[in-house]
Amino acid sequence: MANVFDDVDPTVFRTYAFWASVLVLKTLAMAVLTARKRFAKKAFANPEDAKSTPGGKVNLADPDVERVRRAHLNDLENILPYLVIGFLYALSNPSVFLACNLFRLVGIARIVHTLVYAVFVIPQPARGLSWAVGYFITAYMAVQTMLKFW
């Protein structure tokens with residue numbers, strides 16, 4: 001029986017590894033962005049955090065903090081499945097051109113999603129479109145991977 005790793009194209013794997021790393025760093029940066037917004041608004045989730053900042057108070061409903069938190073949650077809901085299926089898709093011997101461009105598109109779409117949702121708030125459909133690009137590419141890769149390994 002052949003080893004599934006024998007068929008992995010190095011260009012596909014390098015592209016996946018690069019964009020996966022970018023998205024992991026982007027997700028980690030969302031925690032920092034949330035903390036920054038909490039300190040700027042002096043709106044904390046925990047009493048001990050509020051006490052450590054002059055003027056700080058417990059506020060679980062600050063709209064600006066909550067917007068960043070929702071963007072971070074959206075990353076967790078979408079990037080984590082992408083990381084898993086992107087890796088498996090890379091193992092499925094996909095077209096190099098298609099796979100590399102799908103990985104790039106998901107990465108760019110998720111960055112744009114954060115920018116239009118949490119940094120420079122832009123009205124819909126910008127957020128929805130950027131979300132949909134990543135979502136449907138991830139779903140496509142899942143179906144293709146499932147069919148390949150069935």
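Each residue takes its place number in the sequence, starting with 1.
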Review point. Quick one: does Asn93's side chain get under 4.5 Å of Val8's, heavy atoms only?
Key: no
Check your understanding: Is any side-chain heavy atom of Phe87 closer than 4.5 Å to a side-chain heavy atom of Phe13?
Key -> yes
Practice item. Check whether any side-chain heavy atom of Tyr89 lies under 4.5 Å from a side-chain heavy atom of Leu98, and answer yes or no. Key: yes
Point to revise | Leu80 with Leu88, same ILVMFWY side-chain cluster at under 4.5 Å | key: yes
Exercise for review: Answer with yes or no whether the side chains of Arg67 and Tyr117 bring together a donor and an acceptor at under 3.5 Å.
Suggested key: no
Review point. Could you state the interatomic distance from OG (Ser130) to CD1 (Ile111), rounded to the nearest 0.5 Å?
Key: 11.0 Å
Check your understanding: Taking the side chain as C-beta and beyond, is there a heavy-atom pair between Phe103 and Val12 under 4.5 Å?
Key -> yes
Check your understanding: Are Asp64 and Lys37 within salt-bridge range, i.e. N to O under 4.0 Å?
Key -> no
Review point. Same hydrophobic cluster for Phe44 and Leu73, using side-chain heavy-atom links shorter than 4.5 Å among ILVMFWY?
Key: no
Exercise for review: Grab the two heavy atoms, one from Val58 and one from Ala45, that are nearest each other, plus how far apart they are.
Suggested key: CG1-O, 4.1 Å
Exercise for review: Report the C-alpha distance between Asp7 and Leu91 in whole Å, list the side-chain angles of each, state the deciding distance to 0.1 Å, and finish with yes or no for side-chain contact (heavy atoms from CB on, under 4.5 Å).
Suggested key: CA-CA 7 Å; Asp7 291 335; Leu91 299 179; over 6 Å; no
Check your understanding: Can you get from Tyr140 to Met146 by hopping between Ile, Leu, Val, Met, Phe, Trp and Tyr side chains that sit under 4.5 Å apart?
Key -> no
Review point. Donor-acceptor pair, Asn46 side chain versus Asp49 backbone, under 3.5 Å?
Key: no
Review point. Does Val32 share a hydrophobic cluster with Val119, counting links as ILVMFWY side-chain heavy atoms below 4.5 Å and allowing steps through other members?
Key: no
Exercise for review: Please check if the side chain of Thr53 supplies one atom and the backbone of Ala50 the other of a donor-acceptor pair under 3.5 Å.
Suggested key: no
**Study point:** Shortest non-hydrogen contact between Pro94 and Ala90, atoms and distance
**Key:** CD-O, 3.8 Å
Practice item. For side-chain contact (heavy atoms from CB on, under 4.5 Å), just list the numbers for Gln144 and Phe149, CA-CA rounded to whole Å, side-chain angles, deciding distance to a tenth of an Å, and then say yes or no. Key: CA-CA 9 Å; Gln144 291 304 311; Phe149 291 109; over 6 Å; no
Review point. Is any side-chain heavy atom of Trp131 less than 4.5 Å from a side-chain heavy atom of Asn78?
Key: yes
**Study point:** Over all atoms of both residues, closest heavy-atom pair of Ala142 and Ile85
**Key:** CA-CG1, 3.3 Å
**Study point:** Leu102 and Val106: CA distance, side-chain angles, deciding distance, side-chain contact (heavy atoms from CB on, under 4.5 Å) verdict
**Key:** CA-CA 6 Å; Leu102 291 177; Val106 171; 5.6 Å; no
Point to revise | Electrostatic pair Glu66-Arg69, nearest N-O below 4.0 angstrom | key: yes
Check your understanding: How about Arg38 and Asn59: does a side-chain donor come under 3.5 Å of a side-chain acceptor?
Key -> no
Check your understanding: Does any N or O in the side chain of Gln124 come within less than 3.5 Å of the main-chain N or O of Gly128, such that one atom is a donor and the other an acceptor?
Key -> yes
**Study point:** Considering all heavy atoms, the nearest Val133-Ala109 contact
**Key:** CG1-CB, 3.7 Å
Review point. Taking C-beta and beyond as the side chain, do Arg104 and Trp19 meet within less than 4.5 Å on heavy atoms?
Key: yes
**Study point:** Sidechain-backbone polar pair: Asn74 side chain, Arg70 backbone, donor-acceptor under 3.5 Å
**Key:** no
**Study point:** Nearest-0.5 Å distance, CG of residue Asn101 to OG of residue Ser95
**Key:** 8.5 Å
Practice item. Please answer: with hydrophobic residues joined when any side-chain heavy atoms are less than 4.5 Å apart, are Ile79 and Leu28 in the same cluster? Key: yes
Revision key, fill the gap. Rounded to the nearest 0.5 angstrom, the CG-CZ distance for Asp75 and Arg110 is 4.5 Å
Review point. Angle class for the Tyr16/Tyr82 ring planes (parallel below 30°, perpendicular above 60°, tilted otherwise)?
Key: tilted
Study note, to complete from the structure: Correct closest heavy-atom pair for Ile122 and Ala126 would be CG2-CB, 3.9 Å
Check your understanding: Between Val116 and Leu129, is any pair of side-chain heavy atoms under 4.5 Å apart?
Key -> no
Practice item. Flag yes if more than 12 heavy atoms outside Arg36 fall under 6.0 Å of its CZ atom; otherwise flag no. Key: no
Review point. Would Thr114 and Met30 count as a side-chain contact (heavy atoms from CB on, under 4.5 Å) if you check the C-alpha gap in whole Å, the side-chain angles of each, and the deciding distance to 0.1 Å?
Key: CA-CA 9 Å; Thr114 295; Met30 292 304 293; 3.5 Å; yes
